[in-house]
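Notes to accompany the following structure.
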Amino acid sequence: MCAAHKRAAAAGIALAAAVLAGCAPEPAPAPAAPRTAPSPSATDSAAAVAWMNGFCGAVKDFIDGNNKMPSASGETVEAIKKSTSDQLGHYAAILAKTVDSLGALPAAPVPAGDAAKREFLAKYTSARDKTVNAKAGLDAAGKDDTVAQGRAVDGLIAAQKDTHGALDPVAAVLAAPELKAAAATAERCRP
């Protein structure tokens, strides 16, 4: 083959290669990176903090109200009965507020929160019911009924035992990392 033919053939091959390259299918896209579990979003974190504020707030309000319990006093059976009735009324009111606050909480962002809510709600509801019954029994008793006074005090003590295990809302959610982290920043969870 002569040199001119060789150059023309090379140019033709180059031209054909260029045309074919322009019509070639595009390379396949690179495989996507494996998907990992999504990290908690700011919305999820904000929801957890808001929920923990409500949960801790209900318990904190109960503790604050409990710290303002009127003292028992009186020199006569009738005066002591009134004082005990006032204590029971105060305790019933703060327990009712706590039950309402816990009951109004929305679903927790994680199941451990709902479990803690159910546990605390059961304890505070039981305490409220015992307190209301103790007060009703005492108020219905005669003015000199010391037996009714004793039953009322026993009812108050039983109610306090119910609430004793539900005074640390953060400890109730330590198994849930999302809620534990939320409790660290939730204003109402601070001592």
Side-chain angles (χ1 to χ4, degrees), residues 27-72 83-136 152-191:
R35 295 187 78 140
T36 59
S39 62
S41 70
T43 303
D44 292 343
S45 296
V49 170
W51 192 88
M52 282 305 300
N53 259 329
F55 186 61
C56 290
V59 176
K60 190 172 190 171
D61 289 346
F62 168 78
I63 293 169
D64 290 346
N66 189 48
N67 290 338
K68 296 173 184 166
M69 176 83 86
S71 300
S83 174
T84 303
S85 180
D86 291 346
Q87 282 185 313
L88 290 165
H90 176 82
Y91 206 57
I94 61 173
L95 287 165
K97 181 180 176 192
T98 304
V99 167
D100 290 346
S101 295
L102 288 171
L105 281 175
V110 295
D114 288 327
K117 174 184 168 181
R118 279 190 305 274
E119 177 187 348
F120 276 50
L121 194 53
K123 289 179 180 184
Y124 284 108
T125 301
S126 175
R128 179 204 59 201
D129 294 348
K130 287 175 182 173
T131 304
V132 167
N133 290 337
K135 180 173 174 27
V153 170
D154 289 345
L156 179 59
I157 292 169
Q160 289 171 333
K161 285 181 182 177
D162 285 345
T163 61
H164 181 72
L167 295 176
D168 187 354
V170 177
V173 297
L174 288 179
E178 304 90 343
L179 295 179
K180 182 180 174 184
T185 59
E187 182 179 333
R188 303 280 332 259
C189 292
R190 295 184 187 128

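All values below come from the heavy atoms of this structure, side chains included, with hydrogens, waters and symmetry mates left out. Index from 1, following the sequence.
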When every non-hydrogen atom of A152 is compared with those of A134, the smallest separation belongs to O-CB, 3.9 Å
Contact check, side chains of K97 and D61, non-hydrogen atoms, under 4.5 Å:
yes
For a quick test of reading the model, state the closest non-hydrogen atom pair linking A112 to L179 and the distance between them.
C-CD1, 4.4 Å
Residues pairing under ring-ring contact (aromatic ring centres under 6.0 Å, His included) where one sits in residues 169-188, two or more places apart or in two chains, turn out to be none
How long is the straight-line distance from CG of N133 back to CZ of R128, given to the nearest 0.5 Å?
10.0 Å
Considering all heavy atoms of both residues, which atom of M69 and which atom of Q87 are nearest to each other, and what is their separation?
SD-O, 3.5 Å
According to side-chain hydrogen bond (donor to acceptor under 3.5 Å, both in side chains), who are the partners of S126, at least two apart in sequence or on a separate chain?
D162
When rounded to the nearest 0.5 Å, the distance separating OG1 of T125 from CG of L95 is 9.0 Å
S83 and A72: which non-hydrogen atoms are nearest, and at how many Å?
OG-CA, 3.1 Å
Is a side-chain N or O of T163 found less than 3.5 angstrom from the main chain of Q160, in a donor-acceptor match?
yes
In short, ring-ring contact (aromatic ring centres under 6.0 Å, His included) pairs touching residues 87-115 with sequence neighbours left out are F62-Y91
From I157 atom CD1 to K130 atom NZ, the distance as rounded to the nearest 0.5 Å
12.0 Å
Taking the side chain as every heavy atom from C-beta outward, state whether S85 and K135 have any atom pair closer than 4.5 Å.
yes
What are the two closest heavy atoms between V132 and A92, and how far apart are they?
CG2-CB, 4.0 Å
Keeping to residues at least two apart or across chains, list the salt bridge (Lys or Arg N to Asp or Glu O under 4.0 Å) pairs with something in residues 111-126.
E119-K123
For T84, the side-chain hydrogen bond (donor to acceptor under 3.5 Å, both in side chains) test, sequence neighbours excluded, returns Q149
Closest non-hydrogen contact found for V49 with A182 is N-CB, 3.6 Å
Roughly how far, to the nearest 0.5 Å, is the CZ atom of F120 from the OG atom of S101?
14.0 Å
For residues 51-58, tabulate all N or O donor-acceptor pairs below 3.5 Å that involve a side-chain atom, not counting sequence neighbours.
unit_1	atom_1	unit_2	atom_2	d
W51	NE1	P106	O	3.0
N53	OD1	E187	N	3.1
N53	OD1	R188	N	2.7

How about V59 and T98: do any of their side-chain heavy atoms sit closer than 4.5 Å?
no
